[in-house]
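Here is the naming used below: chain letters follow the sequence lines, and residue numbers restart at 1 for every chain.
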Amino acid sequence: MRFATRRTFSLCNGVIHPVNVVYHCIVKRFCGINESPELPDWVKFPQDGSSPLTDSEDDFVLPSIVNWVRNQKEPDSETRCLPNEVIDDSVDKISRILKNRFSSPVAVVQAIDGSDISVSKSLVDKLLKRFSNDWVSAFGLFKWANTQMGFKHSVDSYDLMVDILGKSKQFDVMWELVEEMVRLGGLISLVTMSKIMRRLAGASRWTDAMESFRNIERFGVSKDTSAMNMLLDTLCKERSVEHAQLALLEFKNEIPPDSHTFNILMHGWCKARQLDKAWLIMEEMEKCGFHPCVISYTSFIEAYCCEKDFRKVDAILDEMQAKGCPPNVVTYTIVMHALGKAKETREALEVYERMKRSGCVPDTSFYNSLIYILSKAGRLRDAREIYEEMSKGGVIPNVTTYNTMITAACEHSQEENALKLLQEMEECLCKPDLKTYAPLLKMCCKKKWIKILFYLLNDMFKKDVSLDAGTYTLLVHGLCRSGKLDLACVFFKEMVLKGMVPKYNTYKMLVEKLEMTNMEKGKERIEQLMIQAKNVEQSRHSSGMYRVY
DNA sequence: TGAAGTTTAA
(Lines give C-alpha, C1' and ligand atoms only; values in the text may rest on other atoms or scores of the structure.)
Protein backbone atom coordinates (compact mmCIF):
# COMPACT_ATOMS: atom_id res chain seq x y z
CA MET A 1 0.00 0.00 0.00
CA ARG A 2 1.15 3.49 -0.77
CA PHE A 3 0.10 6.62 1.02
CA ALA A 4 -1.71 9.49 -0.57
CA THR A 5 0.33 12.35 0.70
CA ARG A 6 0.88 15.63 -1.01
CA ARG A 7 3.99 14.16 -2.57
CA THR A 8 2.07 11.42 -4.25
CA PHE A 9 0.14 14.02 -6.12
CA SER A 10 3.08 16.01 -7.28
CA LEU A 11 4.57 12.79 -8.57
CA CYS A 12 2.45 12.95 -11.68
CA ASN A 13 5.09 14.79 -13.67
CA GLY A 14 4.04 18.02 -12.09
CA VAL A 15 0.69 17.88 -13.81
CA ILE A 16 -2.31 18.22 -11.58
CA HIS A 17 -5.26 16.60 -13.26
CA PRO A 18 -8.66 17.55 -11.97
CA VAL A 19 -9.28 13.94 -11.11
CA ASN A 20 -6.17 13.82 -8.97
CA VAL A 21 -7.21 16.92 -7.14
CA VAL A 22 -10.68 15.51 -6.77
CA TYR A 23 -9.21 12.40 -5.26
CA HIS A 24 -7.14 14.46 -2.88
CA CYS A 25 -10.15 16.42 -1.74
CA ILE A 26 -12.22 13.32 -1.26
CA VAL A 27 -9.49 11.64 0.72
CA LYS A 28 -9.11 14.72 2.85
CA ARG A 29 -12.78 14.88 3.48
CA PHE A 30 -13.39 11.22 4.12
CA CYS A 31 -10.38 10.42 6.22
CA GLY A 32 -9.74 13.63 8.10
CA ILE A 33 -6.71 15.80 7.62
CA ASN A 34 -4.43 14.33 10.24
CA GLU A 35 -4.69 10.76 9.09
CA SER A 36 -2.54 9.41 6.31
CA PRO A 37 -5.15 7.69 4.24
CA GLU A 38 -4.39 4.56 2.32
CA LEU A 39 -4.36 4.97 -1.40
CA PRO A 40 -6.48 2.22 -2.92
CA ASP A 41 -4.60 0.28 -5.57
CA TRP A 42 -7.04 1.15 -8.29
CA VAL A 43 -5.57 4.60 -8.35
CA LYS A 44 -2.75 4.42 -10.83
CA PHE A 45 -1.03 7.59 -11.72
CA PRO A 46 0.40 7.63 -15.19
CA GLN A 47 4.09 8.31 -15.37
CA ASP A 48 3.94 9.97 -18.76
CA GLY A 49 1.60 12.79 -17.84
CA SER A 50 -1.40 11.38 -19.69
CA SER A 51 -4.82 11.43 -18.13
CA PRO A 52 -5.19 8.94 -15.33
CA LEU A 53 -8.65 8.17 -16.63
CA THR A 54 -7.52 6.33 -19.72
CA ASP A 55 -4.88 4.46 -17.81
CA SER A 56 -7.13 2.22 -15.82
CA GLU A 57 -7.80 -1.30 -16.98
CA ASP A 58 -11.14 -1.97 -15.46
CA ASP A 59 -12.83 1.35 -15.90
CA PHE A 60 -14.48 1.39 -19.26
CA VAL A 61 -14.73 5.05 -20.06
CA LEU A 62 -16.28 6.58 -23.13
CA PRO A 63 -13.79 8.91 -24.80
CA SER A 64 -16.21 11.79 -24.71
CA ILE A 65 -16.62 11.44 -20.99
CA VAL A 66 -12.88 11.56 -20.63
CA ASN A 67 -12.92 14.79 -22.55
CA TRP A 68 -15.75 16.08 -20.52
CA VAL A 69 -13.92 15.47 -17.28
CA ARG A 70 -10.72 16.90 -18.76
CA ASN A 71 -12.50 20.02 -19.87
CA GLN A 72 -13.71 20.76 -16.42
CA LYS A 73 -11.98 23.80 -15.03
CA GLU A 74 -8.61 22.76 -13.81
CA PRO A 75 -8.13 24.15 -10.35
CA ASP A 76 -4.69 25.66 -9.84
CA SER A 77 -4.64 24.68 -6.21
CA GLU A 78 -6.49 22.21 -4.04
CA THR A 79 -8.35 24.95 -2.27
CA ARG A 80 -10.32 25.69 -5.41
CA CYS A 81 -12.06 22.39 -4.86
CA LEU A 82 -13.67 23.65 -1.72
CA PRO A 83 -15.17 27.01 -2.63
CA ASN A 84 -17.63 26.92 0.25
CA GLU A 85 -14.82 26.72 2.72
CA VAL A 86 -12.99 29.54 1.06
CA ILE A 87 -16.00 31.74 0.54
CA ASP A 88 -17.57 31.34 3.90
CA ASP A 89 -14.76 30.94 6.33
CA SER A 90 -16.69 31.31 9.56
CA VAL A 91 -19.44 28.94 8.48
CA ASP A 92 -16.75 26.42 7.75
CA LYS A 93 -14.91 27.03 10.98
CA ILE A 94 -18.03 26.39 13.02
CA SER A 95 -19.02 23.45 10.81
CA ARG A 96 -15.74 21.82 11.65
CA ILE A 97 -16.38 22.26 15.35
CA LEU A 98 -19.97 21.05 15.07
CA LYS A 99 -18.93 17.91 13.23
CA ASN A 100 -17.37 16.63 16.45
CA ARG A 101 -20.78 15.45 17.62
CA PHE A 102 -21.13 16.76 21.15
CA SER A 103 -23.21 15.12 23.84
CA SER A 104 -25.26 18.22 24.66
CA PRO A 105 -25.97 21.70 23.33
CA VAL A 106 -24.13 23.18 26.35
CA ALA A 107 -20.98 21.36 25.31
CA VAL A 108 -21.38 22.84 21.84
CA VAL A 109 -21.66 26.35 23.26
CA GLN A 110 -18.43 25.87 25.20
CA ALA A 111 -16.64 24.55 22.13
CA ILE A 112 -17.66 27.47 19.94
CA ASP A 113 -16.87 29.98 22.69
CA GLY A 114 -13.16 29.33 22.24
CA SER A 115 -13.12 30.60 18.66
CA ASP A 116 -13.36 34.27 17.80
CA ILE A 117 -16.17 34.33 15.32
CA SER A 118 -18.69 37.10 14.91
CA VAL A 119 -22.33 36.16 14.60
CA SER A 120 -24.73 37.21 11.92
CA LYS A 121 -28.18 36.14 10.90
CA SER A 122 -26.98 34.58 7.68
CA LEU A 123 -24.30 32.62 9.50
CA VAL A 124 -26.89 31.24 11.92
CA ASP A 125 -29.40 30.37 9.18
CA LYS A 126 -26.81 28.68 7.00
CA LEU A 127 -25.58 26.53 9.85
CA LEU A 128 -29.07 25.71 11.07
CA LYS A 129 -29.92 24.46 7.60
CA ARG A 130 -26.70 22.52 7.27
CA PHE A 131 -27.18 20.85 10.65
CA SER A 132 -30.92 20.47 10.44
CA ASN A 133 -30.58 16.73 10.97
CA ASP A 134 -28.41 17.16 14.03
CA TRP A 135 -30.38 19.01 16.67
CA VAL A 136 -27.63 19.01 19.33
CA SER A 137 -25.27 20.91 17.07
CA ALA A 138 -28.00 23.17 15.74
CA PHE A 139 -29.38 24.05 19.16
CA GLY A 140 -25.90 24.53 20.62
CA LEU A 141 -25.07 26.98 17.88
CA PHE A 142 -28.42 28.71 18.38
CA LYS A 143 -27.75 29.12 22.11
CA TRP A 144 -24.18 30.26 21.51
CA ALA A 145 -25.37 33.00 19.13
CA ASN A 146 -27.74 34.23 21.85
CA THR A 147 -24.84 34.71 24.25
CA GLN A 148 -23.06 37.04 21.83
CA MET A 149 -23.27 40.71 22.79
CA GLY A 150 -25.87 42.69 20.92
CA PHE A 151 -27.18 39.75 18.88
CA LYS A 152 -30.83 38.80 18.76
CA HIS A 153 -32.28 35.96 16.72
CA SER A 154 -34.76 36.89 14.04
CA VAL A 155 -38.27 35.51 13.95
CA ASP A 156 -37.46 33.07 11.17
CA SER A 157 -34.34 31.75 12.90
CA TYR A 158 -36.60 30.94 15.86
CA ASP A 159 -39.07 29.23 13.55
CA LEU A 160 -36.28 27.25 11.94
CA MET A 161 -35.00 26.13 15.33
CA VAL A 162 -38.48 25.12 16.49
CA ASP A 163 -38.86 23.07 13.32
CA ILE A 164 -35.50 21.32 13.77
CA LEU A 165 -36.35 20.35 17.34
CA GLY A 166 -39.76 19.09 16.23
CA LYS A 167 -38.27 17.12 13.38
CA SER A 168 -35.98 15.26 15.78
CA LYS A 169 -38.91 14.73 18.14
CA GLN A 170 -37.36 16.81 20.92
CA PHE A 171 -40.73 18.10 21.96
CA ASP A 172 -39.80 19.00 25.54
CA VAL A 173 -36.90 21.12 24.31
CA MET A 174 -39.12 22.55 21.59
CA TRP A 175 -41.78 23.68 24.08
CA GLU A 176 -39.13 25.30 26.28
CA LEU A 177 -38.01 27.32 23.30
CA VAL A 178 -41.60 28.22 22.48
CA GLU A 179 -42.09 29.43 26.05
CA GLU A 180 -39.02 31.61 25.65
CA MET A 181 -40.59 33.06 22.52
CA VAL A 182 -43.77 33.80 24.48
CA ARG A 183 -41.76 35.55 27.21
CA LEU A 184 -39.91 37.70 24.69
CA GLY A 185 -43.22 38.54 23.05
CA GLY A 186 -44.31 38.98 19.45
CA LEU A 187 -42.21 36.13 18.10
CA ILE A 188 -44.88 33.52 17.51
CA SER A 189 -46.89 33.59 14.33
CA LEU A 190 -49.15 31.19 12.49
CA VAL A 191 -45.99 29.96 10.75
CA THR A 192 -44.53 28.92 14.10
CA MET A 193 -47.74 27.23 15.15
CA SER A 194 -48.01 25.38 11.85
CA LYS A 195 -44.50 24.01 12.31
CA ILE A 196 -45.33 22.85 15.82
CA MET A 197 -48.55 21.18 14.73
CA ARG A 198 -46.98 19.60 11.69
CA ARG A 199 -44.15 18.06 13.67
CA LEU A 200 -46.49 16.81 16.39
CA ALA A 201 -48.80 15.24 13.82
CA GLY A 202 -45.78 13.84 11.98
CA ALA A 203 -44.82 12.02 15.19
CA SER A 204 -48.36 10.56 15.29
CA ARG A 205 -49.30 12.89 18.12
CA TRP A 206 -52.42 14.16 16.43
CA THR A 207 -54.30 14.93 19.64
CA ASP A 208 -51.35 17.02 20.83
CA ALA A 209 -51.51 18.93 17.57
CA MET A 210 -55.22 19.55 18.14
CA GLU A 211 -54.53 20.61 21.72
CA SER A 212 -52.01 23.23 20.63
CA PHE A 213 -54.64 24.59 18.26
CA ARG A 214 -57.14 24.86 21.12
CA ASN A 215 -54.60 27.01 22.98
CA ILE A 216 -53.42 28.94 19.95
CA GLU A 217 -54.59 32.30 21.30
CA ARG A 218 -52.36 31.92 24.33
CA PHE A 219 -49.46 32.25 21.88
CA GLY A 220 -50.91 35.42 20.43
CA VAL A 221 -52.17 33.84 17.21
CA SER A 222 -55.80 34.31 16.26
CA LYS A 223 -58.07 31.31 16.06
CA ASP A 224 -59.61 31.96 12.68
CA THR A 225 -60.57 30.05 9.57
CA SER A 226 -57.12 30.07 8.02
CA ALA A 227 -55.55 28.75 11.22
CA MET A 228 -58.16 26.01 11.39
CA ASN A 229 -57.60 25.11 7.74
CA MET A 230 -53.93 24.82 8.44
CA LEU A 231 -54.58 22.40 11.28
CA LEU A 232 -56.93 20.29 9.16
CA ASP A 233 -54.51 20.20 6.27
CA THR A 234 -51.63 19.21 8.53
CA LEU A 235 -53.64 16.39 10.07
CA CYS A 236 -54.60 15.11 6.61
CA LYS A 237 -51.09 15.33 5.23
CA GLU A 238 -49.69 13.59 8.29
CA ARG A 239 -51.87 10.56 7.71
CA SER A 240 -54.90 11.17 9.83
CA VAL A 241 -57.91 12.45 7.99
CA GLU A 242 -59.89 10.92 10.85
CA HIS A 243 -58.48 13.45 13.30
CA ALA A 244 -59.08 16.21 10.78
CA GLN A 245 -62.72 15.18 10.63
CA LEU A 246 -62.94 15.22 14.43
CA ALA A 247 -61.31 18.63 14.53
CA LEU A 248 -63.80 20.02 12.03
CA LEU A 249 -66.65 18.65 14.11
CA GLU A 250 -65.24 20.27 17.21
CA PHE A 251 -64.44 23.70 15.77
CA LYS A 252 -66.98 24.37 13.03
CA ASN A 253 -69.51 26.02 15.35
CA GLU A 254 -66.89 28.31 16.78
CA ILE A 255 -65.04 29.07 13.52
CA PRO A 256 -66.87 29.41 10.20
CA PRO A 257 -65.52 26.98 7.59
CA ASP A 258 -64.90 28.20 4.03
CA SER A 259 -64.53 26.41 0.70
CA HIS A 260 -60.86 25.61 1.48
CA THR A 261 -61.96 23.80 4.62
CA PHE A 262 -64.15 21.41 2.66
CA ASN A 263 -61.64 20.90 -0.12
CA ILE A 264 -58.99 19.94 2.41
CA LEU A 265 -61.24 17.31 3.99
CA MET A 266 -62.46 16.05 0.63
CA HIS A 267 -58.91 15.62 -0.57
CA GLY A 268 -57.98 13.91 2.68
CA TRP A 269 -60.71 11.29 2.29
CA CYS A 270 -59.92 10.82 -1.39
CA LYS A 271 -56.27 10.14 -0.58
CA ALA A 272 -57.37 7.69 2.10
CA ARG A 273 -59.46 5.95 -0.57
CA GLN A 274 -62.68 6.49 1.33
CA LEU A 275 -64.69 8.04 -1.43
CA ASP A 276 -68.05 7.70 0.29
CA LYS A 277 -66.81 9.94 3.08
CA ALA A 278 -65.44 12.37 0.50
CA TRP A 279 -68.83 12.59 -1.23
CA LEU A 280 -70.46 13.29 2.13
CA ILE A 281 -68.13 16.25 2.59
CA MET A 282 -69.16 17.52 -0.82
CA GLU A 283 -72.80 17.36 0.24
CA GLU A 284 -72.01 19.23 3.43
CA MET A 285 -70.10 21.81 1.42
CA GLU A 286 -73.12 22.47 -0.79
CA LYS A 287 -75.39 22.64 2.24
CA CYS A 288 -73.20 25.40 3.61
CA GLY A 289 -73.65 27.31 0.38
CA PHE A 290 -70.31 26.62 -1.30
CA HIS A 291 -70.01 25.25 -4.82
CA PRO A 292 -67.55 22.49 -5.58
CA CYS A 293 -64.73 23.83 -7.78
CA VAL A 294 -61.98 22.39 -10.03
CA ILE A 295 -60.01 21.47 -6.95
CA SER A 296 -62.89 19.51 -5.46
CA TYR A 297 -63.47 17.52 -8.65
CA THR A 298 -59.77 17.02 -9.25
CA SER A 299 -59.44 15.29 -5.89
CA PHE A 300 -62.02 12.74 -6.99
CA ILE A 301 -60.41 12.33 -10.38
CA GLU A 302 -57.12 11.55 -8.69
CA ALA A 303 -58.80 8.94 -6.51
CA TYR A 304 -60.43 7.21 -9.49
CA CYS A 305 -57.13 7.36 -11.35
CA CYS A 306 -55.51 5.46 -8.48
CA GLU A 307 -58.11 2.77 -8.95
CA LYS A 308 -57.55 2.85 -12.72
CA ASP A 309 -61.26 3.49 -13.11
CA PHE A 310 -60.94 5.62 -16.22
CA ARG A 311 -64.66 5.41 -17.06
CA LYS A 312 -65.45 7.22 -13.81
CA VAL A 313 -62.69 9.69 -14.59
CA ASP A 314 -64.30 10.48 -17.94
CA ALA A 315 -67.70 10.82 -16.32
CA ILE A 316 -66.38 13.40 -13.87
CA LEU A 317 -64.57 15.28 -16.65
CA ASP A 318 -67.90 15.54 -18.51
CA GLU A 319 -69.70 16.63 -15.36
CA MET A 320 -67.13 19.37 -14.85
CA GLN A 321 -67.70 20.72 -18.34
CA ALA A 322 -71.46 20.57 -17.82
CA LYS A 323 -71.24 22.49 -14.57
CA GLY A 324 -69.13 25.21 -16.13
CA CYS A 325 -66.13 24.18 -14.13
CA PRO A 326 -63.67 22.90 -16.76
CA PRO A 327 -60.55 20.89 -15.93
CA ASN A 328 -57.26 22.75 -15.66
CA VAL A 329 -53.55 21.83 -16.03
CA VAL A 330 -53.51 20.01 -12.71
CA THR A 331 -56.50 17.88 -13.67
CA TYR A 332 -54.96 17.02 -17.04
CA THR A 333 -51.61 16.22 -15.44
CA ILE A 334 -53.22 13.72 -13.09
CA VAL A 335 -55.19 11.98 -15.84
CA MET A 336 -52.30 11.85 -18.27
CA HIS A 337 -49.88 10.61 -15.64
CA ALA A 338 -52.22 7.85 -14.51
CA LEU A 339 -52.76 6.66 -18.08
CA GLY A 340 -49.03 6.68 -18.67
CA LYS A 341 -48.36 4.67 -15.54
CA ALA A 342 -51.02 2.20 -16.63
CA LYS A 343 -48.96 1.77 -19.82
CA GLU A 344 -51.66 3.38 -21.94
CA THR A 345 -49.26 5.79 -23.59
CA ARG A 346 -51.44 6.44 -26.60
CA GLU A 347 -54.39 7.48 -24.42
CA ALA A 348 -52.08 9.57 -22.29
CA LEU A 349 -50.91 11.49 -25.34
CA GLU A 350 -54.52 11.98 -26.38
CA VAL A 351 -55.07 13.80 -23.10
CA TYR A 352 -52.25 16.12 -24.08
CA GLU A 353 -53.96 16.83 -27.40
CA ARG A 354 -57.29 17.32 -25.71
CA MET A 355 -55.77 19.77 -23.29
CA LYS A 356 -54.16 21.80 -26.05
CA ARG A 357 -57.50 21.90 -27.91
CA SER A 358 -59.23 23.22 -24.82
CA GLY A 359 -56.79 26.13 -24.72
CA CYS A 360 -55.26 25.05 -21.45
CA VAL A 361 -51.56 25.90 -21.27
CA PRO A 362 -49.07 23.25 -20.03
CA ASP A 363 -46.75 24.19 -17.20
CA THR A 364 -43.49 22.75 -15.85
CA SER A 365 -45.12 20.00 -13.78
CA PHE A 366 -47.23 18.93 -16.72
CA TYR A 367 -44.19 18.67 -18.97
CA ASN A 368 -42.29 16.81 -16.26
CA SER A 369 -45.02 14.24 -16.14
CA LEU A 370 -45.08 13.96 -19.92
CA ILE A 371 -41.32 13.52 -20.06
CA TYR A 372 -41.60 10.89 -17.37
CA ILE A 373 -44.20 8.75 -19.10
CA LEU A 374 -42.46 9.00 -22.48
CA SER A 375 -39.19 7.93 -20.88
CA LYS A 376 -40.84 5.03 -19.09
CA ALA A 377 -42.20 3.92 -22.45
CA GLY A 378 -38.64 3.96 -23.78
CA ARG A 379 -39.28 6.97 -26.02
CA LEU A 380 -36.29 9.02 -24.93
CA ARG A 381 -36.03 10.94 -28.17
CA ASP A 382 -39.64 12.08 -27.87
CA ALA A 383 -39.00 13.02 -24.27
CA ARG A 384 -36.03 15.12 -25.37
CA GLU A 385 -38.21 16.79 -27.98
CA ILE A 386 -40.73 17.72 -25.30
CA TYR A 387 -37.92 19.15 -23.21
CA GLU A 388 -36.89 21.33 -26.13
CA GLU A 389 -40.48 22.29 -26.80
CA MET A 390 -40.92 23.51 -23.25
CA SER A 391 -37.77 25.60 -23.33
CA LYS A 392 -38.86 27.16 -26.60
CA GLY A 393 -42.31 27.86 -25.21
CA GLY A 394 -40.87 29.75 -22.28
CA VAL A 395 -41.70 27.10 -19.69
CA ILE A 396 -38.68 26.82 -17.43
CA PRO A 397 -37.41 23.31 -16.67
CA ASN A 398 -36.72 22.68 -12.97
CA VAL A 399 -34.79 20.11 -10.89
CA THR A 400 -37.51 17.53 -11.39
CA THR A 401 -37.28 17.91 -15.17
CA TYR A 402 -33.58 17.15 -15.10
CA ASN A 403 -33.84 14.45 -12.46
CA THR A 404 -36.43 12.66 -14.57
CA MET A 405 -34.31 12.85 -17.71
CA ILE A 406 -31.11 11.84 -15.93
CA THR A 407 -32.80 8.84 -14.35
CA ALA A 408 -34.18 7.80 -17.73
CA ALA A 409 -30.80 8.17 -19.44
CA CYS A 410 -29.15 6.03 -16.76
CA GLU A 411 -31.85 3.39 -17.01
CA HIS A 412 -31.41 3.18 -20.76
CA SER A 413 -27.61 2.98 -20.67
CA GLN A 414 -27.16 6.46 -22.08
CA GLU A 415 -24.41 7.27 -19.63
CA GLU A 416 -22.94 10.02 -21.72
CA ASN A 417 -26.27 11.80 -22.01
CA ALA A 418 -26.86 11.48 -18.30
CA LEU A 419 -23.60 13.28 -17.54
CA LYS A 420 -24.25 15.88 -20.21
CA LEU A 421 -27.59 16.65 -18.60
CA LEU A 422 -25.86 17.31 -15.31
CA GLN A 423 -23.69 19.81 -17.11
CA GLU A 424 -26.74 21.36 -18.76
CA MET A 425 -28.23 21.90 -15.33
CA GLU A 426 -25.20 23.86 -14.30
CA GLU A 427 -25.45 25.99 -17.42
CA CYS A 428 -29.10 26.71 -16.65
CA LEU A 429 -28.23 27.53 -13.04
CA CYS A 430 -30.53 24.77 -11.89
CA LYS A 431 -29.31 23.49 -8.54
CA PRO A 432 -29.07 19.69 -8.39
CA ASP A 433 -30.24 17.73 -5.35
CA LEU A 434 -29.74 14.21 -4.00
CA LYS A 435 -32.18 12.77 -6.50
CA THR A 436 -30.09 14.18 -9.30
CA TYR A 437 -26.99 12.34 -8.20
CA ALA A 438 -28.44 9.04 -6.97
CA PRO A 439 -28.92 7.44 -10.40
CA LEU A 440 -25.53 8.73 -11.57
CA LEU A 441 -23.73 7.34 -8.54
CA LYS A 442 -25.51 4.04 -8.97
CA MET A 443 -24.47 3.93 -12.60
CA CYS A 444 -20.82 4.63 -11.74
CA CYS A 445 -20.81 1.82 -9.17
CA LYS A 446 -22.30 -0.60 -11.66
CA LYS A 447 -19.90 0.36 -14.44
CA LYS A 448 -16.96 0.58 -12.04
CA TRP A 449 -16.26 4.13 -13.15
CA ILE A 450 -14.53 5.04 -9.96
CA LYS A 451 -12.97 8.28 -11.08
CA ILE A 452 -16.21 9.67 -12.35
CA LEU A 453 -17.81 8.55 -9.12
CA PHE A 454 -15.30 10.72 -7.28
CA TYR A 455 -15.84 13.53 -9.68
CA LEU A 456 -19.55 13.42 -8.85
CA LEU A 457 -18.98 13.22 -5.10
CA ASN A 458 -16.78 16.26 -5.28
CA ASP A 459 -19.37 18.06 -7.36
CA MET A 460 -21.97 17.32 -4.70
CA PHE A 461 -19.69 18.61 -2.00
CA LYS A 462 -19.07 21.82 -3.92
CA LYS A 463 -22.78 22.33 -4.36
CA ASP A 464 -23.59 21.64 -0.72
CA VAL A 465 -25.61 18.52 -1.45
CA SER A 466 -24.79 16.33 1.53
CA LEU A 467 -25.04 12.57 1.48
CA ASP A 468 -27.84 11.00 3.46
CA ALA A 469 -28.13 7.46 4.78
CA GLY A 470 -29.90 6.30 1.63
CA THR A 471 -27.09 7.49 -0.60
CA TYR A 472 -24.42 5.83 1.53
CA THR A 473 -26.40 2.61 1.41
CA LEU A 474 -26.60 2.89 -2.36
CA LEU A 475 -22.84 3.36 -2.59
CA VAL A 476 -21.96 0.50 -0.28
CA HIS A 477 -24.32 -1.88 -2.05
CA GLY A 478 -23.27 -0.82 -5.53
CA LEU A 479 -19.57 -1.04 -4.79
CA CYS A 480 -19.98 -4.39 -3.06
CA ARG A 481 -21.73 -5.80 -6.07
CA SER A 482 -18.93 -4.53 -8.29
CA GLY A 483 -16.27 -6.03 -6.05
CA LYS A 484 -14.84 -2.66 -5.01
CA LEU A 485 -14.67 -3.66 -1.39
CA ASP A 486 -11.98 -1.20 -0.28
CA LEU A 487 -14.12 1.64 -1.38
CA ALA A 488 -17.31 0.16 0.01
CA CYS A 489 -15.52 0.10 3.38
CA VAL A 490 -14.52 3.76 3.05
CA PHE A 491 -18.16 4.78 2.63
CA PHE A 492 -19.33 2.46 5.37
CA LYS A 493 -16.87 4.11 7.73
CA GLU A 494 -17.86 7.61 6.68
CA MET A 495 -21.48 6.75 7.29
CA VAL A 496 -20.80 5.55 10.82
CA LEU A 497 -18.63 8.58 11.58
CA LYS A 498 -21.55 10.79 10.64
CA GLY A 499 -23.65 9.08 13.26
CA MET A 500 -25.79 7.07 10.85
CA VAL A 501 -26.53 3.46 11.64
CA PRO A 502 -26.16 1.21 8.58
CA LYS A 503 -29.01 -1.18 7.88
CA TYR A 504 -28.38 -4.76 8.90
CA ASN A 505 -28.56 -5.93 5.26
CA THR A 506 -25.90 -3.48 4.21
CA TYR A 507 -23.62 -4.59 7.01
CA LYS A 508 -24.22 -8.27 6.31
CA MET A 509 -23.57 -7.92 2.60
CA LEU A 510 -20.28 -6.15 3.16
CA VAL A 511 -19.05 -8.54 5.82
CA GLU A 512 -19.91 -11.59 3.74
CA LYS A 513 -18.10 -10.22 0.72
CA LEU A 514 -15.04 -9.42 2.83
CA GLU A 515 -15.10 -12.91 4.25
CA MET A 516 -15.35 -14.46 0.80
CA THR A 517 -12.30 -12.60 -0.38
CA ASN A 518 -10.34 -13.33 2.80
CA MET A 519 -10.10 -9.72 3.81
CA GLU A 520 -10.03 -10.56 7.49
CA LYS A 521 -8.69 -7.24 8.71
CA GLY A 522 -11.26 -5.29 6.78
CA LYS A 523 -14.00 -7.53 8.08
CA GLU A 524 -12.89 -6.93 11.67
CA ARG A 525 -12.84 -3.20 11.14
CA ILE A 526 -16.36 -3.22 9.73
CA GLU A 527 -17.58 -5.32 12.64
CA GLN A 528 -16.06 -2.83 15.06
CA LEU A 529 -17.63 0.08 13.22
CA MET A 530 -21.04 -1.54 13.39
CA ILE A 531 -20.68 -2.01 17.15
CA GLN A 532 -19.59 1.60 17.45
CA ALA A 533 -22.60 2.80 15.45
CA LYS A 534 -24.98 0.79 17.63
CA ASN A 535 -23.33 2.08 20.81
CA VAL A 536 -23.58 5.69 19.79
CA GLU A 537 -27.26 5.20 18.98
CA GLN A 538 -27.84 3.48 22.30
CA SER A 539 -26.03 6.08 24.40
CA ARG A 540 -28.06 8.81 22.78
CA HIS A 541 -31.23 7.08 23.83
CA SER A 542 -30.12 6.50 27.41
CA SER A 543 -28.68 9.98 27.88
CA GLY A 544 -32.05 11.37 26.94
CA MET A 545 -30.82 13.07 23.80
CA TYR A 546 -33.57 11.42 21.83
CA ARG A 547 -36.05 11.28 24.65
CA VAL A 548 -39.58 10.76 23.45
CA TYR A 549 -42.39 11.15 25.87
C1' DT B 1 -46.54 19.53 0.41
C1' DG B 2 -50.11 23.95 3.54
C1' DA B 3 -56.79 23.77 -1.30
C1' DA B 4 -55.35 19.73 -6.20
C1' DG B 5 -50.54 17.57 -10.03
C1' DT B 6 -44.60 15.90 -11.74
C1' DT B 7 -38.78 12.23 -9.83
C1' DT B 8 -37.86 6.69 -5.87
C1' DA B 9 -35.96 1.35 -5.48
C1' DA B 10 -33.73 -4.69 -6.47
Quiz prompt | A:Val294 backbone acceptor or donor facing A:Thr298 side chain under 3.5 Å | solution = yes

Exercise. Please work out if A:Glu411 contacts a base, only the sugar-phosphate, or nothing of the nucleic acid, heavy-atom cut-off 4.0 Å.
Key: nothing

Practice problem: Answer yes when A:Glu284 and A:Lys287 have at least one side-chain N-carboxylate O distance shorter than 4.0 Å, and no when they do not. | Solution: no

Quiz item: Heavy atoms under 4.0 Å, any strand shown: does A:Thr234 hit a base, just sugar-phosphate, or nothing?
Solution: nothing

Quiz prompt | N-O pairing of A:Lys167 and A:Asp163 below 4.0 Å | solution = no

Practice problem: Name the nucleic acid region contacted by A:Thr400, choosing base, sugar-phosphate or nothing; use a 4.0 angstrom heavy-atom cut-off, strictly under. | Solution: base

Quiz item: When we call it a touch if two heavy atoms are under 4.0 Å apart, what does A:Asn328 touch: a base, just sugar-phosphate, or nothing?
Solution: base

Exercise. Provide the start and end nucleotides, 5' to 3', of the part of DNA chain B that has atoms under 4.0 Å from heavy atoms of chain A.
Key: B:dT1 to B:dT8

Quiz item: So what does A:Asp363 touch, heavy atoms closer than 4.0 Å: a base, only the sugar-phosphate, or nothing?
Solution: base

Practice problem: Assign A:Tyr297 to base, sugar-phosphate, or nothing according to its heavy-atom contacts below 4.0 angstrom with the strands shown. | Solution: nothing

Quiz item: When rounded to the nearest Å, what value does the distance between C1' atoms of B:dA10 and B:dT6 take?
Solution: 24 Å

Quiz item: Quick one: does A:Tyr304's side chain get under 4.5 Å of A:Arg311's, heavy atoms only?
Solution: no

Exercise. Verify whether one side chain among A:Ser154 and A:Lys121 offers a donor that lies under 3.5 Å from an acceptor in the other.
Key: yes

Exercise. Check every strand shown and say whether A:Ile264 touches a base, only sugar-phosphate, or nothing at a heavy-atom separation below 4.0 Å.
Key: sugar-phosphate

Exercise. Would you classify A:His260 as touching base, sugar-phosphate or nothing, given that sugar-phosphate means primed atoms plus P, OP1 and OP2, and contacts are heavy atoms under 4.0 Å?
Key: base

Quiz item: Given the C1' atoms of B:dG5 and B:dA9, what is the spacing between them in whole Å?
Solution: 22 Å

Quiz item: NA contact type, A:Lys195, heavy-atom cut-off 4.0 Å: base, sugar-phosphate, or nothing?
Solution: nothing

Quiz item: Would A:Lys503 count as a cation-pi partner of A:Tyr507, with NZ or CZ less than 6.0 Å from the six-membered ring centre and within 45° of the ring normal?
Solution: no

Quiz item: Distance between the C1' atoms of B:dT1 and B:dT7, in whole angstroms?
Solution: 15 Å

Quiz item: Is A:Ile526 close to A:Lys493 at the side-chain level, that is, under 4.5 Å between some pair of heavy atoms?
Solution: no

